Every structure is written in C-alpha cells, then in structure tokens.
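Inspection log for the structure reproduced underneath, given as structure tokens.
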Amino acid sequence: MPGRLLLDAQIVADPTRTARPELFVPTSLVPPGTAPGWGLLLVGQLAVGVAGLLALRLVLRATASPADATGRRERPLTPALCVGGFAAAGLALSPFASDNAFLWPQSLVDAPAWTAVGGLLVALAVPLTAAVTAGADDPEVAEGGLLGVAFGVAGVAAPPLVAALAMPAVHVLPGPVIALVAAVALGALGRATGRAAGRSASARRDPSSAPGEVVLPGAARLHALAGGLALASGLAALVSPLLPQLSLPTGLAEPANYAARPLLPAGALVAALGVALLVRSTSAAARPALAVAWTAVPLTAVAALDGVLTATDLPGVRAGFGAWAAGLAALLAVAAGCCAALAGGVERDDVDLTALSVHRPLLVVAVLVSVLALGAFGLPLTDAPGYAAPGVWTQFRAASWGLLLGLLAVPTAMIVAARSRPARAAALALGASGLVCVRLLELPLTAGRVDDVGPAAGFWCGLACLALLLTGAAMAGSGARRSPRRGVTR
C-alpha cells in the first residue's frame, strides 16, 4: 500500500510524466489539474491499508496461541523467494511500449522520483512478504499470505497489460507478463501449502496414515539448488557480451557496448562458485562466498542495461539477445543468493554457536572496509575529459542502482564475518574481494569508450578496500587453522 500511494502521488507531482494509461493518457505537455477521481483513488488505497492492518492484527492474535502440530512441516521458503524475485523483476521492467509521444513508459531504474521510490517499495515487498508468509508456523497464514501476494502482484501488473491490449498506440512488453505468470505460480504455491496442511490435519486425526515428519529442505539440497542457479547465472552473464545488445533497423551498425564487458569477470566469478557449490567437498566453503559475490552480476548487468534502456526510446530500436541474457543472469543471481542465504540459516540450526564471539581485529577491518566501500562503489571509477562516470554520490543514473547494491553488500558481509566462524568469515571476505575485483576490472575493460581515460578516486578506494578484504580473509583463515577440532564447528 505505501508503494502504491507513492505511485499515485506521481499523478499530482507531474501528470505529464505519469505512465498510467489505465487511468488517463496525457494529450499535451501542459500539466492537467487533478479531478475527484484521484481523491477516490487515494481513499481506496487508504482503505486497503487499514484492511491490511486489521488482517495483520488478526493473524498475530491467531498465531499467539501454541500450535497443535505434531511435527515440523516443510515451508516453501526457497520457491516463494525465487518466484517472488521473478515477480519483482517483472514489476520493475517497463510496463508497456508506446507510440504516443505524450505517454512515456519507463522502467523502475529511469522513472521519476515518486514512481521510482514507490515501484521500488512494491518490488521489494513482493519477495519479502512471500518469504515471510511462506515461513509462517500456521499453514493457513502461509496459504493466505501467498494468495494475497499473488493477488497484489496481479493488481499491479494486470492494468497496464489490459491497457496495452485495448489501446492501438500501446504495445505489450514482457514485464507485466512475467509478473502475472509469477503471480499464478505464487497462488498455486499457496494452494499447495493449504492442501499439505489439510493432509497433515487428516494425519493427526488418523495417526496410522501419517507419512512421517517433514522438515525444512536440507543444506545439501539448498547448496545444489544455489549452485545450479549460480552456474546458470554465470553462463548467461558470460554469453551476454558476446551477443548483440540492441536490435537496430536494417542498415545501422550496432555501437560497441563497453558497459557489457564487466559481465565477463562477474559471470566467471559466480559460475566458479556455482561449480564449487555443486561439489560436495567444497560446497560448505563456497556458500558464504556466493552469499555476497552474487551481487557482482546485478551490479554489472544494470550498467549494461543502462545504455540499452536509453537506446530503446528511439524509434525502431529494441533490446537485443545480449540485453535479455544480462537480465536473465541478474534474476538467476538473485535467486542463487537467496538460496545461499537460506542454506546458511539451515546450516546454523545444526551448529552450536554459543561459543562464538566478535572477532575484534576483524571488526576493525570491517569498519575500515565499510568506509572505503563508500568510495569504491559510491565514487566514479574513471576520469576522462568530457565524460562523467556513474556513481552514487555524484552522477546518479540507472547504473548507480547496481553500485548501491555493491556498496551495501561488502560492508554487510564483513560485519557478519566478524561474528562468524573462522572458515565462514574467510569465505565471506573472499567473496567480497571478488565483488570488488569485478568493480575494479571495469576500468581496463571499458577504457576504450573515451580517450585519455584514467583512474579516479573510486578506483584507488577500491584498491585499498581490496587489500583490506584480503587481509581480513587471511586473518580469519589463520583463526580457522588454529581452531581445535572439537568445540566450534568451522
């Protein structure tokens, strides 16, 4: 509901940049005034919010009493996260294409401020809510929550799709279709959860028919799933720069897309970790590294898609196979990261962590790394006359969203490493090192786009950050070698 309110606020902020053909279509660049319909829309959103709060209160009251389940049930956390991630990606894409000069459809990364913030809240809420409800102790809450998320996604994705089908000047794009398919999958997952709960209730009434206790998916299964997704993501990222990024009208040559080249080291990193996860002897060590290194693919994919999204505003220009491969790689990487995080949670359930304490030297390294990461990802990496590289603190563009993801991932990984087992802490630091390496390799891989290019402040901050990360990995690794066989499990 808050995200939808911000999306509706764009109608008042600047109607000429509002892409809501299901509500109205601008006919000129003169901003029209608001009508009573906007007030009714606001009242409807507030009513939905109040209803949601009341439902949440009832759910909390119902789950406060102890459950009478005879055993643990399988919670569909992994499929809910994966499908929710696909739904969020579909909602983040451009909702339609338009031949109307006054109707400007935009994806989440290049939308106006109110639309971007509101769309980001909606996109983040889908996988988060799906995961929370799928992991609920009460199966009825899990079923109802997943069905609610499915209806919510459909309510956002269906109107622009219907408008594209009904209006001759508006054309269908894959974004809403992906979101609706994911909504159907979430609804089916919710119904499957409800049917499983019904079978469990029947088993409690007739113990002789109980099939046995069902538990969360094991760490080995999650490692295999995360490894397969990471390998697929890495391969898609490796293929993307080799394919055309744009589909141009006949006779036009495609410009060199230097921004896609960093996908090569990002894909190699994630694919290698995926292979390591598929090997039983190395899966436990590779899992923490993948939990942070997966962000390298979205970081580079967003930068590659930045120019593609800008070029597709021109008549006759469409995204090429390389751009679709980059988007697919980013989606698979998100799913792989979610599975790696879930595998870590399952693994920690089987380990006694009471003997762990904060590693103070590693915490100092984490603080220094956090400061340097602000420059490594927040400041431009290259400096050249007449060229402004994207950053977070300066020159914020669509590519900056990927930089923001890396800026959050590296400090988070090191802070978690300071409280982790030595071997896992070393893996987290090495995964963050790989992410910073991918960021630094952008300079030599994209230097040909302009003349007289040189390193900027972000590059030197990245080098210092990399040195500290490798130092932290060595410190954690030495602790792992000194730890006894008994006691804290590595």
Side-chain angles (χ1 to χ4, degrees), residues 109 113 116-117 120 124 259 262 265-266 269 288-289 291-304 306 330 333-334 337 341 358-384 387-420 425-446 453-476:
V109 295
V117 176
L120 182 63
L124 291 177
L269 172 64
V292 58
W294 68 267
T295 54
V297 173
L299 185 150
T300 52
V302 171
D306 187 2
V334 172
V358 176
H359 192 294
R360 295 186 182 275
L362 198 58
L363 183 61
V364 173
V365 173
V367 173
L368 296 176
V369 164
S370 301
V371 174
L372 290 172
L374 296 176
F377 294 93
L379 297 176
L381 197 70
T382 57
D383 183 22
Y387 174 72
V392 174
W393 317 120
T394 59
Q395 299 297 326
F396 193 93
R397 301 202 294 266
S400 303
W401 289 102
L403 298 177
L404 185 60
L405 181 62
L407 189 152
L408 295 174
V410 171
T412 302
M414 290 307 298
I415 292 172
V416 172
R419 183 63 174 77
S420 299
L428 281 169
L430 289 176
S433 301
L435 177 59
V436 175
C437 282
V438 171
R439 168 67 171 158
L440 293 175
L441 286 174
E442 180 185 336
L443 177 60
L445 290 173
T446 63
V453 66
F459 181 81
W460 303 117
C461 289
L463 280 180
C465 184
L466 178 60
L468 277 175
L469 287 170
L470 293 176
T471 302
M475 292 168 55

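All values derive from a computational prediction rather than experimental measurement.
- Between D306 atom CG and S400 atom OG the span is 8.0 Å, to the nearest 0.5 Å.
- Every pair passing salt bridge (charged side-chain N to carboxylate O under 4.0 Å, His left out) that includes a residue from residues 425-446 is listed here, sequence neighbours excluded: R439-E442.
- Listed here is the closest heavy atom pair of A476 and A426: CB-N, 3.5 Å.
- Of all non-hydrogen atoms in A413 and L428, the two that sit nearest each other are O-CD1, 3.8 Å.
- Every residue two or more places apart in sequence or in another chain that forms a side chain to side chain contact (heavy atoms under 4.5 Å, CB included) with L440 is listed here: L381, V436, F459, L463, L466.
- Closest non-hydrogen pair, V365 versus G472, comes out as CG1-CA, 4.2 Å.
- Counting heavy atoms from C-beta outward, L379 and W460 have side chains that stay 4.5 Å or more apart.
- The two residues A266 and T300 have their closest heavy-atom pair at CB-OG1, 3.6 Å.
- Counting heavy atoms from C-beta on, the side chains of M414 and L362 come closer than 4.5 Å.
- Side-chain contact between L445 and P265 is present, with at least one heavy-atom pair separated by less than 4.5 Å.
- Across A373 and C465, no two heavy atoms sit closer than the pair N-SG, 4.4 Å.
- In plain terms, the two heavy atoms of P298 and A333 that are nearest each other are CD-CB, 4.0 Å.
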Inset, instruction - Dump the intermediate steps for side chain to side chain contact (heavy atoms under 4.5 Å, CB included) on L469 and V410, then the final yes or no. - result: CA-CA 9 Å; L469 287 170; V410 171; 4.3 Å; yes
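- Test L299, V334, L435 against W294 for side-chain contact (heavy atoms from CB on, under 4.5 Å) and you get one pass: V334.
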